[in-house]
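In what follows, every chain begins at residue 1, and chains take the letters A, B, ... in the order their sequences are listed. Note that these values count all heavy atoms, side chains included, but never hydrogens, waters or copies made by symmetry.
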Amino acid sequence: MKQEKQNSSAAVPIMDAEAIRRALRRIAHEIIERNPPLEKVVLAGIPSRGVEIARRVAAFIREIEQIDMETGVIDVAMHRDDVGTRPELPIVHASNLPVPLEERTVIIVDDVLYTGRTARAAMDAINSFGRPARIQLAVLIDRGHRELPIRPDYVGKNLPTATPEQIQVRLQETDNEPDAVWLERES
Amino acid sequence: MTTRRGSVPGSTRWTRKDLLGLRELSADEINFVLETTDAFKEVGTRQIKKVPALRGKTLVNFFVEPSTRTRTSFELAAFRLSADVINISATTSSLTKGETLKDTARNLEALHADILVLRHSAAGAPQFLANRLKASVINAGDGAHEHPTQALLDLYTIRERRGKIADLRVAIIGDILFSRVARSNIFGLLKLGARVTLVGPSTLVPREFEKLGVEVSYKIDEVLPKADVINLLRIQHERQRREYFPGLGEYVRLFGLTKERAKLLKPDCLIMHPGPINRGVEIDSDVADGLQSVILDQVTNGLAVRMAVLYLCGGIAT
Amino acid sequence: MRKARVIGIVGSATIIRNGRVIDPANKRDEIADLFITDGRITEKSEVRSQKSEIEDIDAKELIVAPGLIDMHVHLREPGFSHKETIESGARAAAAGGFTTVVCMPNTSPVADNPSTIAWIKDRAAAVACVNVLPTGAISKNLAGEELAPIGSLAQAGVVAITDDGHCVQNHEVMRRAVEYARMVDLPVLDHCQDYNLVGNGVVHEGYWSTLLGLPGWPAAGEEAMVVRNILLAELCDHHIHCQHISTAGSVRLIHEARARGVKISGEVCPHHIALTDEAIQNFDTNCKMNPPLRSQKDVDALLEGIADGTLSILCSDHAPHANFEKEVEFDAAPFGIIGLETELGLFIDLLVHKYGKIDIARLIEMYTVEPARLLKINAGTLSIGARADVTLIDPELEWTVRTDQFQSASRNSPFGGWKLKGRAVRTIAGGKTVWKL
């Protein structure tokens with residue numbers, strides 16, 4: 001979900017472009033290490049930033065292993081468990097996963113892991129496409145405060161936060177701003 | 001992913017609890033529904049064609065005027081969104097026992113119906129209920145007034161095939177005067193920038209329609225070669241219509257899409273029909289099954305459009 | 001508000017001081033006092049000689065007019081008392097500034113026989129605070145096939161015959177009715193509607209009916225019968241009055257016919273100039289009436305018709321319906337709106353103030369002299385000896401219409417919340433105040 005970044009002095013930079021690049025490169029290595037054969041792996045990003053992160057991780061993997069990863073899109077909006085309780089509906093996008101999923105490993109890719117509800121919705125969405133052999137979760141930032149028993153397999157950075165704080169991820173391709181991760185303390 | 005309170009750019013441009021017609025929608029809103037339909041059309045390609053978006057919600061198909069096709073489409077759309085569905089028709093309701101529409105609907109609301117899909121022979125009936133109920137009201141056709149989901153699926157089909165609506169020349173052919181499909185299509189097409197021509201017998205296509213911003217023609221052979229899309233309306237020859245035109249034979253001769261007339265069409269012209277088709281009347285049987293016909297696409301798209309509409313209207317917190 | 005009888009109590013006297021007395025019948029428009037004794041308009045001297053207490057009413061800044069006459073009202077009794085009764089309708093009339101109403105025969109049973117007329121008159125005498133004059137039907141049961149016993153109806157005391165609500169379609173039947181009515185000197189009132197042209201039309205056939213897909217009621221459906229009436233008025237040499245005229249074509253036809261001396265006239269209801277067919281776009285059943293709201297072009301023609309005297313009478317077509325009857329889908333709702341308590345305010349506001357089409361004296365004339373002349377009734381004047389029916393009007397009073405405060409038993413009005421300028425502030429019938437603001 002796109003967010004407006006406030007130009008408030010309460011925003012603290014946590015990662016810059018270089019830090020993000022190194023983190024994603026490391027995640028790429030970890031994925032390669034844990035998932036032979038890579039041909040069976042699908043990097044499925046959650047719109048919008050998850051899709052961009054998945055694309056970058058796939059690019060790193062191509063650079064390292066000369067293999068073109070399967071990528072996909074998982075839209076979670078219609079799988080959320082809070083439809084009808086929010087004053088505004090999230091926009092729905094078409095999902096896109098290579099089928100059949102049986103025998104594949106689907107890696108859900110998102111920018112921030114927080115309550116875990118988005119990841120749960122993503123698993124729900126994947127289920128309606130088929131029954132993959134394994135599902136894994138890759139996130140750039142894990143900010144804690146899980147409300148469900150969900151744990152990530154690949155983490156760019158662990159960042160314990162307080163509930164009133166906000167994490168703002170910016171990527172050039174999706175936000176038209178330089179890559180960065182900001183921590184905002186609401187005053 | 002964190003969420004922020006207040007109007008967030010990623011959230012919808014849709015804030016209506018009801019869909020009563022296209023006349024009051026903006027072009028932006030119509031386009032938004034069509035974009036949302038893309039996502040729901042994809043659900044129909046999955047192995048398990050179900051999402052939990054309306055889980056726990058109750059949808060009532062209240063078809064005072066009967067229809068199997070539209071009702072089935074709404075029913076299936078609701079099931080795919082995991083909603084619970086109840087079907088009520090005029091005969092199974094207490095309307096025949098003299099209960100008013102208002103009381104019937106309030107009874108349904110007392111049963112916690114969240115979404116009411118209404119088809120009624122009286123224009124304005126959905127608005128009447130929407131003003132009085134907390135439930136979402138979706139107009140599945142009210143008299144000769146509007147049939148918004150039909151027009152939306154027509155627009156979606158055109159957009160799917162031609163990539164756009166603006167500047168396309170669309171001809172709507174048949175009984176326009178009594179057609180809610182025609183009216184909703186006129187509103188939607190004009191808002192999205194199409195050029196609309198109405199064709200049919202002068203008794204069923206009065207010139208007054210020109211004031212809406214469309215052209216009126218009684219010479220189908222002049223209109224067909226220029227059209228990018230033709231939308232054929234079903235011709236009924238009930239008792240009420242007999243004073244409007246003399247008979248189906250005459251209609252076919254003057255306005256039917258025969259094989260010969262179909263040759264006048266541009267090769268990429270789309271042939272549409274809201275169904276059910278009267279083969280041999282408004283359209284020749286072979287033409288209906290031909291390459292230019294997108295009639296079956298309309299049915300598939302109708303399901304996706306209705307899922308989008310139910311999601312948008314039914315998903316808003318009340 | 002005291003409930004009053006229409007004949008004054010012996011020994012009562014009233015002086016209405018300093019008002020602008022507008023009495024078109026006597027060509028009066030001047031600041032003067034008005035004197036009432038024993039329920040009749042009298043000279044000043046008579047009041048002086050009264051021993052009993054004299055009621056003093058200050059009418060400064062007010063117009064003192066003859067009690068107004070609304071010659072097109074549905075009181076719904078007998079048979080439809082859930083919509084209105086003679087008693088509540090009369091109170092509504094008084095609240096609107098009217099001391100005489102002419103009620104239509106589409107009751108149940110239909111007022112096509114002397115007994116029903118007698119019932120209505122008895123009931124009115126017992127409970128109505130204003131004068132109620134009944135009309136009788138043209139045809140039996142309003143079916144348009146056989147003549148009603150028009151002679152007996154005349155003897156029973158109807159002031160006119162009409163099939164209002166319905167319209168005799170067969171011109172031959174109508175011709176015979178007009179000839180017959182001439183014999184007993186009863187004017188004929190006609191609700192001009194050609195059933196075939198109109199079909200199941202519910203709103204004006206025009207832009208809005210086309211846009212909304214509602215069956216249309218073409219202007220020609222009214223004009224066809226106006227033409228019929230002009231021809232028959234000429235043929236039979238008898239007056240036919242066309243009710244609730246709503247179209248430009250009707251105005252033009254009546255104008256031309258009157259110019260030739262044909263005994264034809266027309267009346268206008270306020271909703272036909274206050275609203276256009278655009279008002280139906282929300283399917284509000286309080287905008288559904290027969291004839292329907294028309295286009296701006298028709299409104300303009302009606303205004304001109306009033307200004308040049310083509311349309312000579314104002315009235316309401318007060319048509320009460322219960323809430324549960326109107327609160328249904330548009331197609332299913334009955335036609336009609338109430339009007340007694342808003343018509344004067346609307347007409348003063350629109351005709352005199354907003355559009356400046358007529359002055360207040362002419363407006364009063366259209367509510368007094370004109371209907372009285374047509375119906376040949378003894379009303380609508382402040383002549384010495386006339387029954388003391390007086391309406392006091394404040395033409396500058398600004399007020400907001402509150403439907404929940406109506407005297408009528410029904411609430412079906414589209415004018416709730418409207419801000420109007422001009423209102424009756426006191427209604428006196430037979431010398432007694434039957435309503436005051």
Side-chain angles (χ1 to χ4, degrees), chain B residues 20-24 64-65 95 98-106 118 120-132 139 141-147 175-187 190 198 204-214 216 240-241 243-244, chain C residues 82 194-221 247 276-289 292-298 321-335 411-412 414 416:
Chain B
L20 303 176
L22 292 195
R23 188 167 71 92
E24 61 251 26
V64 181
E65 202 186 80
L95 289 176
E99 189 181 50
T100 64
L101 183 65
K102 176 178 154 197
D103 282 330
T104 306
R106 283 165 97 198
L118 178 70
H120 199 290
S121 55
Q127 177 155 354
F128 177 83
L129 289 185
N131 290 343
R132 288 163 176 79
N139 182 4
D142 62 333
H145 179 222
E146 290 235 37
H147 191 357
D175 170 0
I176 310 290
L177 183 61
F178 293 101
S179 169
R180 53 189 170 222
V181 172
R183 281 184 178 82
S184 290
N185 261 294
I186 289 169
F187 300 139
L190 289 178
L198 307 178
L204 292 173
V205 191
R207 288 237 165 257
E208 193 79 33
F209 272 100
E210 284 170 345
K211 296 204 185 114
L212 274 57
V214 303
V216 169
Q240 301 92 298
R241 303 283 190 271
E243 45 209 36
Y244 288 87
Chain C
H82 61 286
D194 182 314
Y195 294 165
N196 286 316
L197 277 175
V198 172
N200 52 5
V202 293
V203 297
H204 174 57
E205 183 182 287
Y207 173 78
W208 285 99
S209 70
T210 305
L211 188 72
L212 296 176
L214 288 168
W217 201 126
T247 83
T276 63
D277 57 348
E278 187 174 350
I280 51 136
Q281 62 177 302
N282 290 319
F283 300 99
D284 180 1
T285 55
N286 282 332
C287 291
K288 180 179 178 182
M289 65 284 283
L293 300 173
R294 303 277 185 195
S295 70
Q296 187 61 46
K297 180 179 72 77
D298 298 298
H321 292 291
N323 278 345
F324 72 85
E325 294 175 309
K326 276 292 208 179
E327 207 180 349
V328 293
E329 319 81 89
F330 197 87
D331 275 5
F335 290 95
R411 296 281 171 270
N412 51 322

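- Both the backbone and the side chain of C/Q281 come within contact range of chain B, each with at least one heavy atom under 4.5 Å from a heavy atom of that chain.
- Partner of C/E329 under the side-chain contact (heavy atoms from CB on, under 4.5 Å) criterion, out of B/Q127, B/K102, B/H120: B/H120 alone.
- Proximity of C/L211 to B/K211: side-chain heavy atoms (C-beta onward) are nowhere separated by under 4.5 Å.
- For B/R132, the part sitting under 4.5 Å from any heavy atom of chain C is the side chain, from C-beta outward, and nothing else.
- The shortest non-hydrogen separation linking B/R23 to C/L212 is NH2-CD2, 3.8 Å.
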Using the rule given for side chain to side chain contact (heavy atoms under 4.5 Å, CB included), can you reason through C/E327 versus B/T100, listing the C-alpha separation, both sets of side-chain angles and the distance that settles it, and then say yes or no? CA-CA 9 Å; C/E327 207 180 349; B/T100 64; over 6 Å; no

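- Residue B/F209 touches chain C through both its backbone and its side chain, counting heavy-atom pairs closer than 4.5 Å.
- Contact of B/S179 with chain C is not made at all, since no heavy-atom distance falls under 4.5 Å.
- Closest approach of B/E208 to C/T210, counting heavy atoms only: CG-OG1, 3.1 Å.
- Highest contact tally toward chain C, considering only B/A182, B/P206, B/A144, is held by B/A144 [criterion: heavy-atom pairs under 4.5 Å].
- Atoms CZ and CG, on B/F128 and C/N282 in that order, are 13.5 Å from each other to the nearest 0.5 Å.
- Between the CZ atom in C/F283 and the CG atom in B/N131 there is a gap of 11.0 Å [rounded to 0.5 Å].
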